[in-house]
There are 2 protein chains.
Amino acid sequence: MILRMPKVSEEHRARRRDQILTAAMRCAAREGFHKTTMSAVIRESGLSAGAVYLYFSSKQELIRAVAGTAVGAVAGTLGALTEPENVVPPEQALLATTSRILEVGRAHDVEIIRVALQAWAEAARDPAVLALLHEEIAGIRAAWTDYAVAAIAAGHLAADADPVAVARTLMSMLPGFMLLRLVDPSTDPEQYAAGLAALRRPASPR
Amino acid sequence: MILRMPKVSEEHRARRRDQILTAAMRCAAREGFHKTTMSAVIRESGLSAGAVYLYFSSKQELIRAVAGTAVGAVAGTLGALTEPENVVPPEQALLATTSRILEVGRAHDVEIIRVALQAWAEAARDPAVLALLHEEIAGIRAAWTDYAVAAIAAGHLAADADPVAVARTLMSMLPGFMLLRLVDPSTDPEQYAAGLAALRRPASPR
DNA sequence: TCGTCAAGAACGAACATTCTTTTTTTGCCG
DNA sequence: CGGCAAAAAAAGAATGTTCGTTCTTGACGA
C-alpha cells in the first residue's frame, strides 16, 4: 500500500458531524424534515454545501441521523430512570420520566420533543426510521417492564399483574404527554402524575 | 347584485371536494404531507390541476383540510363513546375508544392513523394546524371529563379524584396507542385495556 | 351566449446534488 | 526543524430536475 493520508483528526470529524447534526435538528424543530432545505441546514451550521455532503451523503441520510438522535435522546433518559434502589409507585415513576424528558429538551437547547414528533411522522414513510423507532421503543418498553416487575415485587401493583401489559400502558403515556405539551406548553409533569394517581386510587367503600 | 351564476350543483361541488380530499389523504398516508406532490394528488384524484386548484387555493390549504379531517375523524369517534347509559370502568372505556379508532380507519379505507401522525408533526410548524389540533383535543378532553365525572359518581373512581386530571391522563393514552400501532401493527386494544386494568388493580394485602 | 368548470400544457422558482476551485492538513525529506 | 508535495477538506458557484402554481383553451349548463 502506497497510501499517504493527510486526514483530519477523528475528533475533528466527530465534532463537524455533530455541528451539522445540531444545525439540522434546529431546522427540523422549526420546519419539519421535508420543509427544511439543505440550504437552511448549511446556513445554520455555518459550513458549506461541500462540507455537509462530505459528512452525509444525502438529505435522507441526514434526516435519519436526526431522527435517530432525537428519538434516542428521549429513550436514553428512561433507561437510567427506572432502576433506582427504592422502587417508587407508578405515578412517581411517571412523574420522574416526564420530568426527565423535559430536562433533556432544555439541556440540549434544541426542542427535542418537536423533532421526535417529526421522527414519528417520518417513520410512517421511511422504513429505516421505522426500524430505528421500533428499536428505541423496544428499549423503553424493556425498561418499563423491569420497573413493573420491581413494582409488583415491592407491592405497588397487584401480584398477578402482567408486567408486560403494565409496561406497555405506562410507556404509552409518554407520546401523549409530548403531544399535549406541543398543543399546550403549560402542561406539566405534576398534573400528569396526579391524573394517574387519581385513576389508581381505589373507589371509596360506599 | 348583477350575479348570474351558471354553477354546478352544491352536492356536486361537495363530492368533488371530497374526492380531492380523499385522494390527498391516501397520498399523505403513504408519503407524508410535504413529500406528497400536487401531481400525485391530481393523479390519485383522477382530476386535473385546474380542477384541484378550483377547490383548494394552495397545497398548504389542502394540507390543512386533510389534517383537519384526519384529526376530526379520530376525535369524532370519542364524543359519542363516553356517554352511554351505563357507565363502564376506565379500562373498558379505553378499550371501547381504541377499538373505535381502529374501526374508523377501516371504515374510511384510508389509513387515518397515519395521517393523524402527519397532522401532529404539521402542527409543530403551521399555526393553523396547531389551532385545529388544539380545538379537537379540547373536545376529546371534554368528552373524557364528562366520562370521569360519571365514573366517579358511579363509584368506578375515588370520590375525591379530579375529573380533569383523570381525563387528561386517559386521553393521553390514545396517541401512545396510535404510535405503538404504527410501530407494531399487532398491538391491539385488548392488551391495552388489560394494562390499565392491571395498573388499577390494588396490590394484594400482604 | 355568458360564465363557470375542467383539462392540461407551460412557466418560473426552489431545491438537492455535483463540480470546480481554493484552502488546510499531514507526512516526509532535506 | 522547516518547507514541500500530495491529498483531503471545505467553499461556493453551477446544474439539471422537480414541483407548485398559473394560463390558455375548450366544454357544458343555465
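In this text the structure is predicted, and so the values were computed from the model without any measurement. The chains referred to below are lettered A, B, ... by the order of the sequence lines, with proteins before strands, and numbering in each begins at 1.
- No hydrogens or angles considered: a donor-acceptor pair under 3.5 Å links the side chains of A:E122 and A:Q60.
- For B:S58, the side-chain atoms get nearest to D:dT21 when compared with the rest of C:dT17, D:dT21, C:dA7.
- The interatomic distance linking A:K35 (NZ) with C:dC15 (P) rounds to 7 Å, in whole Å.
- For the pair A:H34 NE2 and C:dA16 C1', the interatomic distance rounds to 13 Å; values are reported in whole Å.
- Heavy atoms of A:Y55 sit under 4.0 angstrom from primed sugar atoms or phosphate atoms, though from no base atom.
- Distance, B:K59 NZ to C:dA14 P: 15 Å, rounded to whole Å.
- At D:dA10, none of the side-chain N or O atoms of A:S48 fall inside 4.0 Å of OP1 or OP2 (strictly under the cut-off).
- Across D:dA11, C:dA6, D:dG20, the shortest atom-to-atom separation from the side chain of A:L47 is found for D:dA11.
- Heavy atoms only, all atoms of each residue included: A:T187 and A:R181 are closest at O-NH1, 2.6 Å.
- Distance CD1 (A:I63) to P (C:dT17): 9 Å, rounded to an integer number of Å.
- Place B:G46 and A:Y53 on DNA chain C by their nearest nucleotides, and B:G46 ends up nearer the 5' end.
- Among the protein residues, A:T36 comes within range of the sugar-phosphate backbone only, with heavy atoms under 4.0 Å from sugar or phosphate atoms but none that close to a base.
- Under the side chain to side chain contact (heavy atoms under 4.5 Å, CB included) rule, A:C27 has a single partner from A:I42, A:V41, A:L62, A:T37, which is A:V41.
- One atom, CD1 of A:I42, and another, P of C:dT17, lie 10 Å apart when rounded to the nearest Å.
- In this structure, B:Y147 contributes its side chain and B:V88 its backbone to a donor-acceptor pair below 3.5 Å.
- Residue B:R13 places no side-chain N or O under 4.0 Å from the OP1 or OP2 atom of C:dT4.
- Remark: P of D:dA30 and NE2 of B:H12 are 11 Å apart, rounded to the nearest angstrom.
- Closest to the side chain of A:T37, from the set C:dA7, D:dA10, C:dA16, is C:dA16.
- A:Q191 CD: more than 12 foreign heavy atoms inside a 6.0 Å radius.
- Toward the 5′ end of DNA chain D lies the nearest nucleotide of A:L54, the other residue of the pair A:G50 and A:L54 mapping further downstream.
- Between B:I20 atom CD1 and C:dA6 atom C1' the separation is 11 Å, expressed in whole Å.
- One can place CE of B:M38 at 10 Å from P of D:dT22, the figure rounded to the nearest angstrom.
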